[in-house]
Amino acid sequence: MEAGASGAEPLPRLRRSLRRGAEPRDPPLPQPPSAGGGTAEEPAAVERKRKPLTSLNIHSAFWILASIAVTYYFDFFRTVKETIEADSWWFASGSCLLAVCLSVAFYCILYLEWYCGIEDYDAQYPALIPITTATFIAAAICFNIALWPVWSFMTPLLLFIQFMGVVMLVSLLG
């Protein structure tokens, strides 16, 4: 605090004392204010506002293409159809849990946010997000158990790739 009270700039003096054999330099000249009279941060903020975010980037394209490849090379729809025809209790349970999860999500997005105009619905209804998360995790576990006889240890990986592909595809729509 003493250095600040004396009015001298302590940083340049400190740097000079740490450099051995360095010539003393003049302190930097003060910069004139910008033409707009604002701070240097304002042009960056204006630039960020003008530059729209692209919804299709390399990350999204990767997951969508990976999901398409899994669907094609692992006969995903045929396998799901055969699992449904085999009356798999786990698949039926997973489907019901996924329907509950999606119903709560659509209730939050379509009804609460769009129709009622409640943008902060998780503050007014704090139980909705944990319920949706829990039902989705339970549905994922049921689907993994139902499809395990078909793909074995690859099942969690394939289902995760499908999930990420759907999420990225939906993000392109919104």
Side-chain angles (χ1 to χ4, degrees), residues 11 34 36 38-174:
L11 235 45
S34 62
T39 64
E41 296 170 2
E42 285 181 13
V46 171
E47 185 178 329
R48 267 188 259 135
K49 288 180 184 176
R50 280 191 247 153
K51 190 177 181 183
L53 294 174
T54 58
S55 47
L56 181 64
N57 54 22
I58 294 173
H59 183 255
S60 317
F62 167 76
W63 284 113
I64 292 169
L65 292 175
S67 179
I68 291 170
V70 164
T71 302
Y72 180 76
Y73 288 110
F74 286 90
D75 290 328
F76 189 78
F77 292 125
R78 183 182 58 80
T79 304
V80 169
K81 179 183 168 197
E82 290 174 359
T83 305
I84 292 171
E85 290 173 354
D87 287 333
S88 172
W89 185 84
W90 287 107
F91 195 84
S93 299
S95 299
C96 291
L97 287 168
L98 186 62
V100 169
C101 174
L102 292 175
S103 298
V104 174
F106 286 138
Y107 171 75
C108 290
I109 295 168
L110 297 178
Y111 181 72
L112 291 179
E113 191 170 345
W114 290 1
Y115 184 72
C116 294
I118 302 172
E119 291 185 17
D120 196 18
Y121 51 82
D122 55 340
Q124 289 187 350
Y125 303 100
L128 292 178
I129 303 300
I131 288 171
T132 307
T133 304
T135 54
F136 181 79
I137 290 171
I141 291 170
C142 290
F143 286 138
N144 274 298
I145 293 171
L147 295 170
W148 190 269
V150 180
W151 292 310
S152 184
F153 66 92
M154 294 284 287
T155 305
L157 177 66
L158 297 177
L159 290 179
F160 179 74
I161 291 171
Q162 292 293 76
F163 167 73
M164 288 301 293
V166 168
V167 166
M168 293 300 156
L169 187 64
V170 169
S171 73
L172 290 179
L173 303 175

Can you tell me how far the [atom1] atom of [X] sits from the [atom2] atom of [Y], to the nearest 0.5 Å?
X      : Y      : atom1 : atom2 : answer
Ser67  : Tyr72  : OG    : OH    : 15.5 Å
Leu102 : Ile109 : CG    : CD1   : 9.5 Å
Tyr115 : Leu110 : OH    : CG    : 13.0 Å
Ile161 : Ile64  : CD1   : CD1   : 13.5 Å

Atom pairs and distances, donor-acceptor, side-chain atoms in residues 141-160, under 3.5 Å, two or more places apart:
residue: Asn144; atom: ND2; partner: Ala140; partner atom: O; Å: 2.8
residue: Thr155; atom: OG1; partner: Leu147; partner atom: O; Å: 3.4
residue: Thr155; atom: OG1; partner: Ser152; partner atom: O; Å: 2.9

Query raised in the report: Can you check whether Met168's main-chain N or O pairs, donor with acceptor, with Ser171's side chain at less than 3.5 Å?
Result: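 Yes, Ser171 side chain to Met168 backbone: donor-acceptor pair under 3.5 Å.
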Suppose we screen for side-chain hydrogen bond (donor to acceptor under 3.5 Å, both in side chains). Which residues come up paired with [X], at least two apart in sequence or across chains?
X      : answer
Asp122 : none
Glu113 : none
Thr71  : Gln162

Requested in this report: Check whether the ring centres of Tyr107 and Tyr111 lie less than 6.0 Å apart, and answer yes or no.
Outcome: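 They qualify: ring centres under 6.0 Å apart.
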Under 3.5 Å, which donor-acceptor pairs do the side chains of residues 92-100 form with other protein atoms, sequence neighbours left out?
residue: Ser93; atom: OG; partner: Trp89; partner atom: O; Å: 3.0
residue: Ser95; atom: OG; partner: Phe91; partner atom: O; Å: 2.9

Query raised in the report: Does Glu85 CD have over 12 foreign heavy atoms under 6.0 Å away?
Result: yes
Donor-acceptor pairs are to be reported for all side-chain atoms of residues 128-136 against protein atoms at under 3.5 Å, with residues two or more places apart or in another chain.
residue: Thr132; atom: OG1; partner: Leu128; partner atom: O; Å: 2.7
residue: Thr133; atom: OG1; partner: Ile129; partner atom: O; Å: 2.9
residue: Thr135; atom: OG1; partner: Ile131; partner atom: O; Å: 3.0
residue: Thr135; atom: OG1; partner: Thr132; partner atom: O; Å: 3.0

